[in-house]
Chemist: 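Sharing a structure with you now.
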Protein chains: 2
Amino acid sequence: MRLMRNSTLRQLKVFEAVARHLNYTRAAEELYLTQPAISMQIKQVEENVGLPLFEHLGKRIHLTAAGRELLALCRDIFGKFAEFEMSVADMKGMKKGQLRLAVITTAEYFAPRLIGPFCQHYPGVDVSLQVINRESVLQRLADNLDDLYILGQPPENLEVHSQPFLENPLVVVAPRDHALAKKKCIALKRLAGEPFLMREPGSGTRMAAQRLFDEHGIKLNIRMELGSNEAIKQAIAGGLGVSVLSRHTLALEGERGPLTILDVQHFPIQRHWYLVYPAGKQLSVVARTFCDYLLAEGRRISRK
Amino acid sequence: MRLMRNSTLRQLKVFEAVARHLNYTRAAEELYLTQPAISMQIKQVEENVGLPLFEHLGKRIHLTAAGRELLALCRDIFGKFAEFEMSVADMKGMKKGQLRLAVITTAEYFAPRLIGPFCQHYPGVDVSLQVINRESVLQRLADNLDDLYILGQPPENLEVHSQPFLENPLVVVAPRDHALAKKKCIALKRLAGEPFLMREPGSGTRMAAQRLFDEHGIKLNIRMELGSNEAIKQAIAGGLGVSVLSRHTLALEGERGPLTILDVQHFPIQRHWYLVYPAGKQLSVVARTFCDYLLAEGRRISRK
DNA sequence: TTCTATCATAAGTTAAATATTATGACACAT
DNA sequence: ATGTGTCATAATATTTAACTTATGATAGAA
């Protein structure tokens with residue numbers, strides 16, 4: 001049995017035509033071939049299968065059991081090809097595609113609201129969103145596992161294309177009943193005494209805040225390191241201290257929620273969210289469209 | 001998009017190997033080819049698809065969305081081929097197959113009990129049994145729609161191979177309380193007065209009985225023509241007359257049932273059931289095996 | 001019987017697929 | 001900077017699939 005090894009799709013198509021007409025000559029006409037061409041192809045396929053596919057009785061031919069199975073196989077395969085071709089056609093026209101995003105955890109506070117409208121506009125596009133820590137994002141970036149990445153700061157050791165698309169203001173967050181809550185223009189050094197809650201070292205937010213305080217020669221009193229922004233917010237609400245967070249993490253907090261933003265000098269620290277992908281990577285149509293959309297959306301939000 | 005038109009299974013296999021290794025050189029080694037051969041094949045497939053299948057980043061390559069879809073297609077298709085090849089292998093070894101039988105209605109009284117054990121012995125064989133009247137059987141035979149046919153007498157106007165495999169004794173059936181029920185060696189002419197129930201003209205049983213009576217110059221009093229053996233049995237039980245039937249139709253009637261067999265001279269008429277198929281037809285392995293089985297079974301039953 | 005439709009076979013041609021060798025370009029690691 | 005691994009390209013060779021023409025065999029219809 002060497003069907004797969006030796007046969008060609010063409011032979012299967014010839015077979016299918018013959019099986020449909022149950023007549024070599026008709027099949028030949030349909031395919032613009034001579035009848036002997038058909039005879040030969042069928043003979044080949046039968047040799048490859050190892051069993052007769054047609055039964056010849058007088059001038060009429062009939063499918064054998066093996067022939068019926070092969071016909072089913074052909075129809076099945078041709079169908080799969082047709083499906084595939086449609087998929088590809090859709091991909092070409094952006095009616096269909098995949099968009100694999102990997103974003104740093106803090107982006108979870110705003111990314112879904114940007115992605116949502118995009119998905120609605122292109123319902124054929126499957127978007128997968130990985131929300132992981134910075135280190136994992138960089139690893140996936142290096143392994144080229146996704147189409148696009150969102151980071152709070154572009155990686156330095158990898159060759160990438162990166163583009164800021166949205167402001168990322170870092171603010172000082174405190175409980176609403178904090179002593180400084182109502183003050184205006186709080187001096188930076190007033191924070192020196194406050195117990196600080198921070199993400200782990202390596203966090204972009206932490207590094208940016210650290211740099212600001214270092215520049216002003218202020219030593220922070222770091223009370224606790226916590227593994228997620230949400231944990232920090234809970235801790236602040238619990239009165240364990242204050243922290244520097246992206247304002248996006250407070251998007252869902254109301255005017256009367258348990259947290260508030262302190263009006264500290266030099267804050268908000270203006271950072272940006274970056275759209276990143278490996279240098280030299282040829283983006284898919286979907287990914288390019290998404291980039292354009294994100295940039296436009298970023299500008300729109302800034303103007304407001 | 002001309003994937004189906006222009007590509008070959010070989011190209012898909014090359015693609016699959018590359019997609020698996022994500023490395024042209026490795027794929028080339030696996031297929032005992034040189035690397036440029038791979039490059040060319042992939043280029044061809046990409047042209048046929050109309051989209052890149054791989055993304056080249058530095059020395060590493062990755063599948064594009066289209067590539068992933070094509071890989072899925074390949075695996076799918078290769079799987080179908082494998083299934084088909086297994087099917088065919090099974091057919092060759094009788095582990096699998098189809099057996100399409102068309103039998104004349106009277107055969108329904110014994111055919112299932114012959115077919116049953118065969119099915120049990122070859123559980124991979126799908127048996128389909130058409131129970132239809134003689135005319136339909138002959139039509140199907142002429143159209144070569146089945147593997148084998150069972151008839152009470154071989155057709156005369158068609159070229160067929162036919163072989164008797166089981167005795168088919170025709171007997172005179174009467175109600176158990178019939179006047180002649182207890183008599184021995186009833187003379188044929190005693191039946192002349194009896195009201196007779198018969199199948200329609202053309203029925204083999206009817207023709208055989210008619211011939212016997214004609215030979216002895218006896219004119220039958222045909223009271224009623226009925227369309228099935230079961231209907232005739234009901235009518236006999238209802239006292240509407242007597243009839244000539246295959247003894248097989250009484251197989252399930254008990255010793256004390258409402259019907260009995262009259263011991264009439266020249267009865268039972270010894271006829272046979274015939275296994276028939278078109279002359280020159282190459283029987284499938286399954287059909288041949290079933291023939292052998294039926295003949296052996298027929299001999300076994302006769303000996304008893 | 002003769003004619004016609006149908007498939008098989010043989011010989012030879014054409015065209016296409018597939019391959020190789022040789023070489024170049026490029027990224028990455030040392 | 002150099003070397004190594006990897007893919008691309010060009011020129012060319014080889015194989016083989018696919019097709020045609022010509023002819024033969026056979027079955028069924030006229």
Side-chain angles (χ1 to χ4, degrees), chain A residues 2-3 5-15 17-19 21-48 52-63 67 142-144 157-160 278-282, chain B residues 2-15 17-19 21-48 52-64 67 142-144 157-160 278-282:
Chain A
R2 297 146 299 177
L3 185 70
R5 246 183 350 131
N6 295 338
S7 291
T8 65
L9 287 174
R10 170 129 196 95
Q11 288 175 346
L12 294 187
K13 249 198 320 233
V14 168
F15 167 78
V18 174
H21 291 290
L22 288 177
N23 179 315
Y24 285 34
T25 312
R26 291 298 94 67
E29 283 165 11
E30 175 180 317
L31 300 170
Y32 302 106
L33 294 175
T34 56
Q35 166 267 313
I38 305 290
S39 287
M40 281 194 309
Q41 298 289 32
I42 296 298
K43 202 169 136 195
Q44 287 257 4
V45 178
E46 287 185 329
E47 263 170 35
N48 290 332
L53 300 170
F54 295 101
E55 186 190 353
H56 299 246
L57 261 174
K59 27 172 93 169
R60 284 196 292 172
I61 64 177
H62 303 270
L63 281 169
D143 293 343
N144 190 36
N157 51 344
L158 293 170
E159 293 219 1
V160 298
K281 175 167 176 132
Q282 179 66 33
Chain B
R2 296 146 301 176
L3 185 68
M4 179 78 201
R5 239 177 5 122
N6 295 337
S7 291
T8 65
L9 287 174
R10 170 136 197 91
Q11 288 175 345
L12 294 187
K13 245 193 329 229
V14 168
F15 167 78
V18 174
H21 290 291
L22 288 177
N23 180 314
Y24 285 34
T25 312
R26 291 297 95 67
E29 283 165 11
E30 175 181 317
L31 299 171
Y32 302 105
L33 294 174
T34 56
Q35 166 266 313
I38 305 288
S39 286
M40 279 194 308
Q41 297 289 32
I42 296 298
K43 203 169 135 193
Q44 289 256 5
V45 178
E46 286 185 329
E47 264 170 34
N48 290 332
L53 300 170
F54 295 101
E55 186 190 354
H56 299 246
L57 260 173
K59 35 171 87 168
R60 282 194 293 173
I61 64 177
H62 303 270
L63 281 168
T64 62
D143 293 344
N144 189 35
N157 51 344
L158 293 170
E159 293 218 1
V160 297
K281 174 165 174 133
Q282 178 67 33

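Chain letters run A, B, ... following the sequence lines, proteins first and then strands; every chain starts at 1.
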Chemist: What heavy-atom pair brings A/Arg60 and B/Ala142 nearest, and what distance separates the two atoms?
Modeler: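 Nearest pair, atom of A/Arg60 first, then B/Ala142: NH2-O, 2.9 Å.
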
Chemist: Of the non-hydrogen atoms in B/Ala279 and A/Leu57, which two are nearest, and what is the gap between them?
Modeler: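 The answer is O-CD2, 3.6 Å.
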
Chemist: Does a side chain donor of either B/Ser39 or B/Gln35 reach within less than 3.5 Å of an acceptor in the other side chain?
Modeler: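 Yes - a donor-acceptor pair under 3.5 Å links their side chains.
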
Chemist: Would you call the rings of B/Phe15 and B/Phe54 parallel, tilted or perpendicular, where under 30° means parallel and over 60° means perpendicular?
Modeler: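 Ring orientation of B/Phe15 relative to B/Phe54: tilted.
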
Chemist: What closest approach, in Å, do A/Leu63 and A/Glu55 show between heavy atoms, and which atom pair accounts for it?
Modeler: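 Between these two residues, the closest heavy atoms are O-OE1, 4.5 Å.
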
Chemist: Between B/Lys43 and B/Glu46, is there a side-chain N and carboxylate O pair less than 4.0 Å apart?
Modeler: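 Salt bridge between B/Lys43 and B/Glu46, a charged N being under 4.0 Å from a carboxylate O: no.
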
Chemist: Give me the first and last nucleotide of DNA chain D, going 5' to 3', that has any atom under 4.0 Å from a heavy atom of chain B.
Modeler: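 In short, chain B contacts DNA chain D from D/dG5 to D/dT9.
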
Chemist: Which heavy atom in A/Ile42 sits nearest to a heavy atom in A/Val18, and how many Å separate them?
Modeler: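 Answer, listing the atom of A/Ile42 first, then A/Val18: CD1-CG2, 4.0 Å.
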
Chemist: Reading nucleotides 4-17 of chain C 5' to 3', which nucleotides get B (base under 4.0 Å from a protein heavy atom), which S (sugar-phosphate only), which -?
Modeler: -BSBBB--------

